Amino acid sequence: MTLGKGLRYAVCILCLILPAGTPHASQSAEVFEDGKYRRKECMSFSDLKKVSPTREIKLSPYGGWMAKRAEATGFFHVGKFDDRWWIVDPDGCFFLSIGINSVNLPDRREEEPPNQEDLRWGADTMEDLRSLGFNTLGCWSDAEIVRKLKNPMPYCLRWNFMANYRKIRRNKYPATDQYPVIYPFDPEYEAFCDRHARQTKETKDDPWLFGHFSDNELPLREKGIVKLYLSHPKNDPNHLAAAAFLQERGRNEPSKEDDRDFQRLVVETHYRKVAAALRRHDPHHMYLGTRFHGLALNSPAVFEAAGQYADLISVNYYHRWTPEKERIEKWAELAQKPILISEYYAMAADVGLPTSSFGAGFPVRAQRDRAKFYEHFGIGLLQIKACVGWHWFKYRDGKNNAGIVDPSEKPHSVLTQAMKNLNLRAYAIID
């Protein structure tokens with residue numbers, strides 16, 4: 001992969017700012033919808049107004065903005081300063097998490113320690129990603145490689161608490177997989193969380209660890225949730241929890257309000273037990289939540305419950321060409337925590353991989369349309385003071401064109417240039 005030399009500590013950029021009012025759309029991208037390509041309007045740098053000459057933006061080793069500071073704790077944390085949420089890096093610099101998911105070698109066996117060839121790949125890839133203005137390795141990235149590098153990059157870990165617990169639960173409750181729910185009410189679950197979280201001790205003192213995702217895209221639908229839990233066998237703890245919930249309310253049939261409140265109880269119970277276990281074994285690093293998606297995003301209760309225990313709210317955000325400013329701000333208000341867009345992307349048809357039949361990202365005609373989408377979406381997110389970053393899905397093409405490089409690691413240069421243009425200007429645009 002050849003993307004140019006990385007800039008670790010400073011970048012020279014044009015200082016840009018959005019003009020007053022809503023930027024007009026100056027260009028469009030071709031998006032595949034309803035069986036044909038349609039034009040989608042895009043914001044671009046032509047919608048930005050230059051307000052000062054070229055100047056230097058100094059970055060911390062972690063990629064934070066050295067001109068803006070808060071208390072340094074030696075680890076990443078979040079805070080609200082004036083009216084904007086920020087991540088604060090270990091040196092105390094304001095930090096916007098601009099990340100890539102799945103930065104890994106597809107053929108490396110996770111149980112084996114990285115060899116020298118793996119580490120050379122890691123060092124080169126980190127340098128290339130920095131040159132594009134990325135500062136975080138998102139979900140599914142190879143932490144074992146990055147932790148051994150001389151110049152690492154902030155990285156995330158994902159633990160799959162509920163998925164691992166389900167494997168154990170099947171032995172006692174064979175019908176477990178018939179139900180699209182989670183099982184935080186099991187009396188065994190809290191002890192499982194404690195055992196599972198012991199693995200975090202290995203990285204608890206690492207300042208480069210951005211934080212922990214406990215799970216990914218849990219089934220948390222609101223409509224009919226009480227009846228789903230009641231449909232379990234009568235000796236199942238989750239049936240018993242739903243039955244006790246209804247009995248306390250003096251009802252035989254759940255109402256919409258009951259579904260909403262029981263969903264809140266489900267999320268609160270899961271997050272409380274997981275957060276307690278993580279913080280018992282790793283008191284230093286952020287709990288990044290469970291990467292909400294789909295129907296859960298329509299439920300205020302999930303944000304209210306998760307916000308009590310997570311440090312930020314992670315959202316896998318699809319099927320929106322433009323970030324919904326009011327909606328994202330509402331999520332943060334409900335949770336009283338900032339929002340991280342933990343997954344999104346667009347995939348193009350010009351590389352010969354499936355688009356309309358695979359993946360949740362926007363299918364577009366060509367790499368130029370992916371580039372326009374990244375620029376448009378990022379400018380939109382930078383206007384949202386509750387948003388503390390975004391992680392593109394993903395690094396390398398696989399079954400579709402989600403990656404920023406192809407399977408041989410040749411970059412999709414039109415896309416990566418657009419990423420570089422926006423990423424290196426992000427702090428200046430906010431400023």
Side-chain angles (χ1 to χ4, degrees), residues 76-78 85 87 139 156-166 168-169 179-200 204 209-222 225-226 228-229 237-238 241-242 245 259-317 330-343 386 388:
F76 287 96
H77 61 282
V78 298
W85 282 99
I87 299 163
C139 209
C156 303
L157 296 174
R158 190 188 87 261
W159 296 102
N160 289 338
F161 275 77
M162 189 54 65
N164 281 281
Y165 177 68
R166 288 177 78 98
I168 298 170
R169 189 181 201 275
Y179 305 99
V181 299
I182 63 174
Y183 294 103
F185 301 115
D186 286 11
E188 304 91 347
Y189 186 57
E190 194 161 9
F192 165 82
C193 289
D194 183 75
R195 294 193 305 271
H196 197 61
R198 290 173 189 171
Q199 301 170 82
T200 65
K204 71 180 180 67
L209 174 56
F210 182 71
H212 302 287
F213 293 109
S214 66
D215 307 89
N216 180 60
E217 296 190 347
L218 294 176
L220 297 172
R221 82 180 200 193
E222 178 181 330
I225 190 172
V226 177
L228 267 175
Y229 277 80
N238 294 273
F245 173 83
D259 277 343
R260 181 198 66 204
D261 292 344
F262 189 70
Q263 183 197 42
R264 179 185 290 106
L265 179 62
V266 169
V267 176
E268 187 275 335
T269 304
H270 175 67
Y271 269 70
R272 172 170 51 82
K273 292 179 179 180
V274 168
L278 286 173
R279 287 173 178 139
R280 185 177 303 116
H281 297 290
D282 179 359
H284 304 310
H285 293 102
M286 295 191 293
Y287 176 21
L288 307 176
T290 60
R291 300 164 61 84
F292 290 144
H293 81 301
L295 293 176
L297 303 183
N298 298 327
S299 300
V302 302
F303 294 95
E304 293 168 346
Q308 298 177 61
Y309 302 100
D311 292 285
L312 57 78
I313 303 298
S314 51
V315 174
N316 293 351
Y317 190 53
K330 184 62 176 179
W331 291 339
E333 180 185 344
L334 290 164
Q336 292 297 294
K337 295 291 169 61
I339 306 299
L340 173 71
I341 303 303
S342 43
E343 194 174 303
V388 290

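Just so it is clear, the structure is predicted and the values come from calculations on it, not from any experiment. Residue numbers start at 1 and run along the sequence shown.
- For the atom pair OG1 of T200 and CG of L209, the computed distance is 9.0 Å after rounding to the nearest 0.5 Å.
- For the residue pair Q263 and R221, the shortest heavy atom distance occurs at NE2-C, 3.7 Å.
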Could you walk me through whether V181 and N238 pass the side-chain contact (heavy atoms from CB on, under 4.5 Å) check? CA-CA 10 Å; V181 299; N238 294 273; over 6 Å; no
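- In I168, the CD1 atom is crowded: over 12 heavy atoms of neighbouring residues, nucleotides or ligands sit closer than 6.0 Å.
- Residues L157 and Q199 form no side-chain contact, since every pair of their non-hydrogen atoms from C-beta on lies 4.5 Å or further apart.
- Listed for the D311 side chain is a donor-acceptor partner under 3.5 Å among the backbone atoms of Y287.
- At least one side-chain heavy atom of P237 sits under 4.5 Å from a side-chain heavy atom of P187.
- Summarising the geometry of V226 relative to A242, their closest heavy-atom pair is O-CB, 4.1 Å, with the distance given to 0.1 Å.
- Relative orientation of the H270 and Y189 rings is parallel, given thresholds of 30° and 60° on the angle between their planes.
- For the pair T290 and S314, the tightest heavy-atom approach, listed with the atom from each and the gap, is N-OG, 3.7 Å.
- Atom CZ of R291 and atom CG of D215 lie 10.5 Å apart (nearest 0.5 Å).
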Item to complete: List the steps, then state whether side chain to side chain donor-acceptor pair (under 3.5 Å) holds for D194 with H281.
Response: CA-CA 8 Å; D194 183 75; H281 297 290; 3.0 Å; yes
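- The shortest non-hydrogen separation linking T269 to P184 is CG2-O, 3.6 Å.
- Looking at L288 and C156, their side chains come closer than 4.5 Å, going by heavy atoms from C-beta outward.
- Within a 6.0 Å radius of CD in E304, more than 12 heavy atoms belonging to other residues, nucleotides or ligands are found.
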From CA spacing to verdict: side-chain contact (heavy atoms from CB on, under 4.5 Å), Y165, E188: CA-CA 9 Å; Y165 177 68; E188 304 91 347; 3.6 Å; yes
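- When side chains are defined from C-beta on, W331 counts as touching L297, because their heavy atoms get closer than 4.5 Å.
- Looking only at atom types and distance, the side chain of H293 has no donor-acceptor partner in the side chain of N216 under 3.5 Å away.
- Rounding to the nearest 0.5 angstrom, the gap separating the CD atom in Q308 from the CZ atom in F303 is 14.0 Å.
- Legend: residues meeting side chain to side chain contact (heavy atoms under 4.5 Å, CB included) with Q336, ordered by chain and number and at least two apart, are E333.
- Looking at H212 and W159, their side chains do bring a donor and an acceptor atom within 3.5 Å of each other.
- Scanning all heavy atoms of the two residues, the minimum distance from R264 to D261 falls at NH1-OD1, 2.9 Å.
- Between Y309 and L278, the closest side-chain pair of non-hydrogen atoms is not below 4.5 Å.
- Taking every heavy atom of both residues into account, V388 and L312 meet most closely at CG2-CD2, 4.3 Å.
- Electrostatic pairing of D186 and K273 does not count as a salt bridge here, judged by no charged N lying under 4.0 Å from a carboxylate O.
- By the 4.5 Å heavy-atom criterion applied to side chains, Y179 and Y229 are not counted as neighbours.
- Between H196 and F161, the ring planes are perpendicular. Angles over 60° get that label, and only those under 30° would be called parallel.
- Looking at heavy atoms from C-beta onward, V266 lies in side-chain contact with I225 at the 4.5 angstrom threshold.
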